[in-house]
Student: 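I have a structure I would like to understand better, so I am pasting it below and will then ask my questions one at a time.
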There are 2 protein chains.
Amino acid sequence: MKDVAARAGVGLKTVSRVVNGEPGVTQDTERRVQEAITALGFRRNDSARVLRKGRTSSVGLVLEDLADPFYAPLNRAVEEVARAHGALLINGSSAEDPERERELALAFCARRVDGLIVIPAGHDHRYLEPEIAAGVATVFVDRPAGGIAADAVLSDSHGGARAGVAHLIAHGHRRIGFIGDRPRIHTAGERLRGYRTAMADAGLPVPDGWVSLGPTTPERVRAEAERMLSGEHPVTAFFTGNNRVTVTILRVIAQLPHPVALVGFDDLELADLLSPGVTVVAQDAARLGRTAAELLFRRLDGAEEAPRRVELPTRLIVRGSGELPPGES
Amino acid sequence: MKDVAARAGVGLKTVSRVVNGEPGVTQDTERRVQEAITALGFRRNDSARVLRKGRTSSVGLVLEDLADPFYAPLNRAVEEVARAHGALLINGSSAEDPERERELALAFCARRVDGLIVIPAGHDHRYLEPEIAAGVATVFVDRPAGGIAADAVLSDSHGGARAGVAHLIAHGHRRIGFIGDRPRIHTAGERLRGYRTAMADAGLPVPDGWVSLGPTTPERVRAEAERMLSGEHPVTAFFTGNNRVTVTILRVIAQLPHPVALVGFDDLELADLLSPGVTVVAQDAARLGRTAAELLFRRLDGAEEAPRRVELPTRLIVRGSGELPPGES
DNA sequence: CTGAAAGCGCTAACAG
DNA sequence: CTGTTAGCGCTTTCAG
């Protein structure tokens with residue numbers, strides 16, 4: 001910028017004015033400065049600007065996996081809101097590792113993001129207390145924060161799972177298996193709770209063997225499904241706790257001689273084209289992201305209310321797999 | 001940091017040494033400094049650090065759509081490589097708008113990213129010349145740069161499409177429709193070229209009506225497909241230019257009274273579970289991203305070779321839809 | 001082993 | 001309308 005000023009024969013501040021489109025510069029001076037800028041290939045150094053202004057116009061997003069088809073639209077939605085507010089997005093995947101979540105969040109804070117959106121991997125977010133105290137607006141999405149009071153935007157996991165399982169029960173199922181993600185993941189627990197509520201509502205017992213929480217690897221999910229389908233009291237339907245489990249169960253079911261009913265949590269891209277279509281409890285990932293980002297920017301614009309917990313509804317999409325009757329047992 | 005120094009009763013530089021894990025500090029002094037850091041909730045301001053050091057340890061990624069199931073794994077792969085090199089990732093979606101691509105890329109440059117990975121939306125990247133001259137390593141992925149010499153990591157779109165169409169021809173098809181993305185997108189053109197090559201190899205004519213490039217909206221794709229399926233010489237098979245077109249064509253085909261063969265470019269998550277399974281020409285999006293990121297960091301580590309163009313192979317995955325015979329016409 | 005001073009590139013605050 | 005000065009928070013340099 002110094003060089004530009006020298007070349008254009010003006011003061012530093014004038015260049016600054018031109019670069020930032022501030023008023024108070026003659027057409028002629030502006031032209032001279034612009035020429036110098038192009039000639040020198042100058043671009044404002046935002047690091048220096050940030051240092052001076054205090055605001056970075058950037059937000060950090062810590063999510064579980066950038067590549068997960070459920071989180072990708074959430075990511076995009078956050079980006080769009082950020083863009084509308086003139087902010088850039090820095091993001092990273094925690095890979096469901098609390099330590100990595102922490103590293104990312106703190107790295108973002110060191111970069112002085114204005115705000116932070118976190119899909120928690122861990123359950124203790126007290127490490128963020130100094131940062132929040134220092135003014136980093138923070139919103140949690142998909143799962144609540146642990147150990148601190150903070151904004152959270154969640155899906156109604158309990159209600160959604162309850163409705164999905166009730167749907168299976170309404171179609172005659174009495175023995176329904178639940179396969180979900182690891183129990184330390186908040187949504188996994190909530191969905192299991194929804195399953196138990198629906199079963200209890202119908203006065204149905206839930207033997208331990210019908211419930212399985214754990215890693216969503218195809219191997220584990222397949223083994224658990226096969227276990228639940230064998231033995232004395234095989235299940236006649238599955239309720240699956242997220243998109244990855246659903247995909248594996250679909251592959252398991254496709255190889256069975258008899259039909260097994262299925263309702264999955266999370267929608268899938270081609271769910272309507274399978275036969276039968278896959279009945280799901282859908283959450284709106286983009287809306288989750290948008291809501292969180294909007295809340296974040298409201299905070300950044302000075303909203304000082306107490307931390308809020310927003311819960312978004314889920315939607316049961318009926319496509320066939322959840323309406324299959326129980327086979328003879 | 002000043003505050004920390006004051007509180008710990010040491011000099012500024014000593015705090016800096018502790019914060020950065022540099023040697024030359026007594027155990028005792030270090031402890032005092034650490035205490036002050038925790039007490040004050042101090043975190044190093046990376047903006048200031050960057051200003052001084054010149055390197056930001058961050059890379060920018062401009063892609064088309066963060067939420068696209070094809071680009072999401074690429075995004076994740078880039079993130080992993082960046083992470084391995086201690087760098088953060090800033091990213092944004094161009095939404096296939098050249099102006100937006102430019103804005104994002106230049107905003108990243110203003111933040112002084114060390115390197116830039118771009119999935120081009122536009123065809124003229126001369127706007128990056130000053131940045132590259134100023135030292136921003138730049139790698140293009142999925143599509144080549146326009147107007148400048150730069151590294152590019154691409155899939156073999158021409159070869160992949162050619163193989164996919166040849167597969168349909170080998171299964172008896174003579175009238176094959178091609179529906180792809182807008183012609184200004186490089187990969188769309190290359191895939192069309194592959195289609196034409198395969199048709200020419202087999203001595204088959206290609207009337208204009210069998211080829212359609214344009215927006216990948218369901219409405220347009222559906223209309224074009226229905227047009228190609230009607231009239232005097234209806235097509236008996238489709239080759240689709242990317243995942244979004246394939247998804248729509250699958251919906252169109254599902255509603256037809258007679259089967260129509262299909263080979264799609266890009267794999268789909270549930271492609272194996274449809275009946276018939278969807279035969280596709282798959283690219284490895286994660287590998288594309290990984291390769292580009294590794295090349296980028298090689299540049300950042302000082303590799304000074306001439307710009308390289310890396311072309312990754314595609315893979316034909318046979319699942320059923322591409323092996324359907326042509327119906328009677 | 002420790003610290004003081006200079007300066008990275010920019011903008012806020014004030015003169016002219 | 002334009003320019004000067006100070007200083008954002010850190011690291012580099014060099015001297016204790």
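Letters go in sequence order (proteins before strands), and every chain restarts at 1. For clarity, every value in this text was computed on a predicted model and none was experimentally measured.
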Student: Go through the steps for A:Arg308 and A:Asp151 under the test salt bridge (charged side-chain N to carboxylate O under 4.0 Å, His left out), then give the verdict.
Tutor: CA-CA 5 Å; A:Arg308 270 170 52 179; A:Asp151 290 316; 5.8 Å; no
Student: Can you check whether B:Thr14 has a side-chain N or O nearer than 4.0 Å to OP1 or OP2 of C:dG3?
Tutor: yes
Student: Counting heavy atoms not belonging to B:Glu305, are there more than 12 under 6.0 Å from its CD?
Tutor: yes
Student: Could you go through B:Asp301 and B:Arg299, starting from their C-alpha distance and side-chain angles, then the distance that decides it, and tell me whether this counts as salt bridge (charged side-chain N to carboxylate O under 4.0 Å, His left out)?
Tutor: CA-CA 5 Å; B:Asp301 291 343; B:Arg299 295 291 185 196; over 6 Å; no
Student: Answer yes when B:Glu80 and B:Arg290 have at least one side-chain N-carboxylate O distance shorter than 4.0 Å, and no when they do not.
Tutor: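 Looking at B:Glu80 and B:Arg290, the cut-off is not met.
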Student: Would you say the side chain of A:Leu63 lies within less than 4.5 Å of the side chain of A:Ser94, judging by non-hydrogen atoms?
Tutor: no
Student: Atom CD of B:Glu30 and atom C1' of C:dT2: how far apart are they, to the nearest Å?
Tutor: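 Taking CD of B:Glu30 and C1' of C:dT2, I get 14 Å after rounding.
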Student: Which letters describe nucleotides 7-16 of chain C, given B = protein heavy atom under 4.0 Å from base, S = only from sugar-phosphate, - = neither?
Tutor: BBBBBBB---
Student: May I ask you to say whether B:Asp3 pairs ionically with B:Arg7, meaning some side-chain N is under 4.0 Å from a carboxylate O?
Tutor: no
Student: Would you mind classifying the nucleic acid contact of A:Val50 as base, sugar-phosphate or nothing, using non-hydrogen atoms under 4.0 angstrom?
Tutor: nothing
Student: Does B:Arg83 reach the side chain of A:Glu103, with side-chain heavy atoms less than 4.5 Å apart?
Tutor: yes
Student: Starting from the first five and the last five pairs of the helix from C:dC1-D:dG16 to C:dG16-D:dC1, work out the angle between the resulting helix axes, to 10 degrees.
Tutor: 30°
Student: For a salt bridge (charged side-chain N to carboxylate O under 4.0 Å, His left out) check, start with the C-alpha distance between B:Lys13 and B:Glu22, then their side-chain angles and the critical distance, and finish with the verdict.
Tutor: CA-CA 10 Å; B:Lys13 178 63 202 177; B:Glu22 286 168 25; 3.7 Å; yes
Student: Is the phosphate of C:dT2 approached by B:Thr29 (side-chain N or O, under 4.0 Å from OP1 or OP2)?
Tutor: yes
